[in-house]
Enquirer: 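Just dropping this structure here.
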Amino acid sequence: MENITQELSSQTDIAIEKKSRHEKESLFVKDGVNYLVPFILVTSLFFIWGLANNMTDTLLSAFREIMSMSSLQTSFIQMSFYGAYFCFALPAALFIRKYSYKSGIVLGLLMFATGGFLFYPAGSMASYPFYLIAIYILAAGCSILETTANPFILSMGPEETSTRRLNFAQSFNPIGSITGLLISKYFILSALATDTERDSMSEIEILKNQSGELFAVSAPYMITGLIMFAVMAVFIFYPLPKSSDTDKSSMFEVLKRLLKNKHYSYGVVTQFFYVGAQICTWSYLIQYICSDSTLTPEEASTFSVISLALFTGARFLFTYLMKFFKPALLLSGSAVMAVLCTAIVIFSSGTLAIIAIIGISFFMSLMFPTIYGIALKGIGEDAKVGASGLIMAILGGALFPIIQGWIATKASFTDPLTGEVLENFKLSYIVPFVCFVVVLFYGMFSLKNHRE
């Protein structure tokens, strides 16, 4: 009885101490250091790779029209983009572990800008492989930025609020995505000729038109490259706080610890499936709506903007709700709703299907940062290397769209009215359906093990 009383007393003292410390340290204050300004600067990077992600998503529709490609062929754009994420995440982690978060940010911005400039020679040569190289280098910069920025944000305050802080920072990512979609809508998709216009062109006119369309694709990326150089200059001259890396463990020891941590290792697997679901949902959203209606790609892209607006608003909403509910509980509930919405997308049509495919964006808004935060919670200095595993998991965004494109192409059918062969985008959404089920299992696992 005495031992129990002592244990209760000890736990009470710990709780009082935690509460006292929490009252002294706000969301952006840790050990007496105020991280608000660095937080704002680093959060701007979330906008930047959101911009790149969704400008690139639109390229699937653009190249499908410009170069008369199938969904399977255009899916290699996502393979290049998210394949670079996989290849560069671990080297980025080793780089920032040896140097600093600031060095990682500068390197990431430099590669992003370089990739943007390479769109010019790719467009001049009308070379799809060259475009894939440019996309790969730009995405390598994004990979380095994400590997650096996410754990940096987690470290900018008390560990108790790390997941909420990351969700808040990630809320600015879809604002960049919306900006990317608007740029794509008004400067890329609007410049594309309609099918009727293409049918009336001669071979010479088609080549001339293709050249103009490829320039419309390349110009926004080249301008973005210039902006990235300006942002890089800000980070070079601003004195960001250095992380206190006191862990001298070998890479083998760090990886061994991470692999033994079930919350982390399961989190990496779940992130792989979640990113696959997100990219599948957005990459084929325009094609899905066009196949189920008479809308053009430019008109259907409006629904992409609506989806991202909901995604953005929901991320701020869920960040607020984390003051009252466990992140794992919100993750599980959102996964259930995403599964239901995806099922409606597969089995229904018309207005209901469009509402459901937009609804998916609302419910998946909190998933990436919440999975990330839960997986890295409590792993200390291992977070720098651990972050690379969660960014490498973004490879799911490269692989699952190819599977989805393959299903859409292989399950194609003939329209009984027009005789036209159509790709089966409805059936292809079985891919994100399965991915969201995996996210649901991780949320339930985290709840069961009291992971917040």
Enquirer: Taking atom CZ of F425 and atom SG of C290, what is their separation to the nearest 0.5 Å?
Expert: 9.0 Å
Enquirer: Compare every heavy atom of F81 with every heavy atom of C142, then report the nearest pair and how far apart it is.
Expert: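 Smallest interatomic distance, heavy atoms only, reads SG-CZ, 4.4 Å.
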Enquirer: Walk me through it: do Y429 and F433 pass the test ring pair (Phe, Tyr, Trp, His ring centres under 6.0 Å)?
Expert: CA-CA 6 Å; Y429 270 78; F433 177 87; over 10 Å; no
Enquirer: Over all heavy atoms of both residues, which pair between I153 and R165 is shortest? Give the atoms and the distance, please.
Expert: O-NE, 2.9 Å
Enquirer: Between F368 and Y372, how do the two ring planes meet: parallel, tilted or perpendicular, split at 30° and 60°?
Expert: tilted
Enquirer: Has M444 got more than 12 heavy atoms of other residues, nucleotides or ligands less than 6.0 Å from its CE?
Expert: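 Incorrect, the count does not exceed 12.
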Enquirer: Is there a side-chain contact between F235 and L45 in this structure, where contact means two heavy atoms from C-beta onward sitting under 4.5 Å apart?
Expert: yes
Enquirer: Taking the side chain as every heavy atom from C-beta outward, state whether Y101 and V42 have any pair of such atoms under 4.5 Å apart.
Expert: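 When only atoms from C-beta onward are counted, V42 and Y101 do not touch, as no gap falls below 4.5 Å.
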Enquirer: Atom CZ of residue position F237 - does it have more than 12 heavy atoms of other residues, nucleotides or ligands inside 6.0 Å?
Expert: no
Enquirer: Any heavy-atom pair between the side chains of L166 and F46 that's under 4.5 Å?
Expert: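 In short, these two side chains touch, coming nearer than 4.5 Å.
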Enquirer: Do K377 and H263 come close enough that some side-chain heavy atom pair is under 4.5 Å?
Expert: no
Enquirer: Just say parallel, tilted or perpendicular for the rings of F400 and F273, cut-offs at 30° and 60°.
Expert: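 The arrangement is tilted - the two ring planes meet at 30° to 60°.
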Enquirer: To check you understand the geometry: which heavy-atom pair defines the closest contact between C280 and V431, and what is its length?
Expert: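 Closest approach of C280 to V431, heavy atoms only: SG-CG1, 3.9 Å.
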Enquirer: Under the side-chain contact (heavy atoms from CB on, under 4.5 Å) rule, what do I374 and Y442 come out as? Steps first, then yes or no, please.
Expert: CA-CA 10 Å; I374 291 173; Y442 185 65; 3.5 Å; yes
Enquirer: When you compare the side chain of I344 with that of I355, does any pair of heavy atoms fall below 4.5 Å?
Expert: no
Enquirer: Any chance OH of Y238 has more than 12 other-residue heavy atoms, nucleotides or ligands included, within less than 6.0 Å?
Expert: yes
Enquirer: Could you give the distance from OG1 (T281) to CD1 (I360), rounded to the nearest 0.5 Å?
Expert: 4.5 Å
Enquirer: How long is the straight-line distance from CE of M228 back to CD1 of I48, given to the nearest 0.5 Å?
Expert: 4.0 Å
Enquirer: What distance do N173 atom CG and T43 atom OG1 have between them, rounded to the nearest 0.5 Å?
Expert: 11.0 Å
Enquirer: Taking the six-membered ring for Trp and the single ring otherwise, decide whether the centroids of F441 and F445 are under 6.0 Å apart.
Expert: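 For F441 and F445, the ring centres are not under 6.0 Å apart.
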Enquirer: Could you report the tightest heavy-atom contact between G123 and Y131, atom names first, then the distance?
Expert: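 Closest approach of G123 to Y131: CA-OH, 3.1 Å.
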Enquirer: Among S361, S304, S307, find the residue that satisfies the side-chain hydrogen bond (donor to acceptor under 3.5 Å, both in side chains) test when tested with W282.
Expert: S361
Enquirer: Is the closest side-chain donor-acceptor distance between E146 and Y85 under 3.5 Å?
Expert: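 Judged by distance alone, the side chains do pair up.
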Enquirer: Decide yes or no on side-chain contact (heavy atoms from CB on, under 4.5 Å) for Y136 and F88, but give the supporting numbers first.
Expert: CA-CA 10 Å; Y136 184 84; F88 281 85; 3.7 Å; yes
Enquirer: Rounded to the nearest 0.5 Å, what separates atom CG in L329 from atom CG in L447?
Expert: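 Reported value, rounded in 0.5 Å steps: 5.5 Å.
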Enquirer: Would you say the ring centroid of F316 lies under 6.0 angstrom from that of F172?
Expert: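 Centroid distance F316-F172: below 6.0 Å, so yes.
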Enquirer: Which heavy atom of L240 sits nearest a heavy atom of P38, and at what distance?
Expert: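 Looks like CD2-CB, 3.9 Å.
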Enquirer: With side chains defined as the heavy atoms from C-beta onward, is the minimum distance between I357 and F303 less than 4.5 Å?
Expert: no
Enquirer: Within the 4.5 Å heavy-atom criterion, are N150 and Q170 side-chain neighbours or not?
Expert: yes
Enquirer: Check whether any side-chain heavy atom of L331 sits under 4.5 Å from a side-chain heavy atom of M367, and report yes or no.
Expert: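 Contact flag for L331/M367 side chains = yes.
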Enquirer: Atom CD1 in I430, atom CD1 in I403: separation rounded to 0.5 Å?
Expert: 12.5 Å
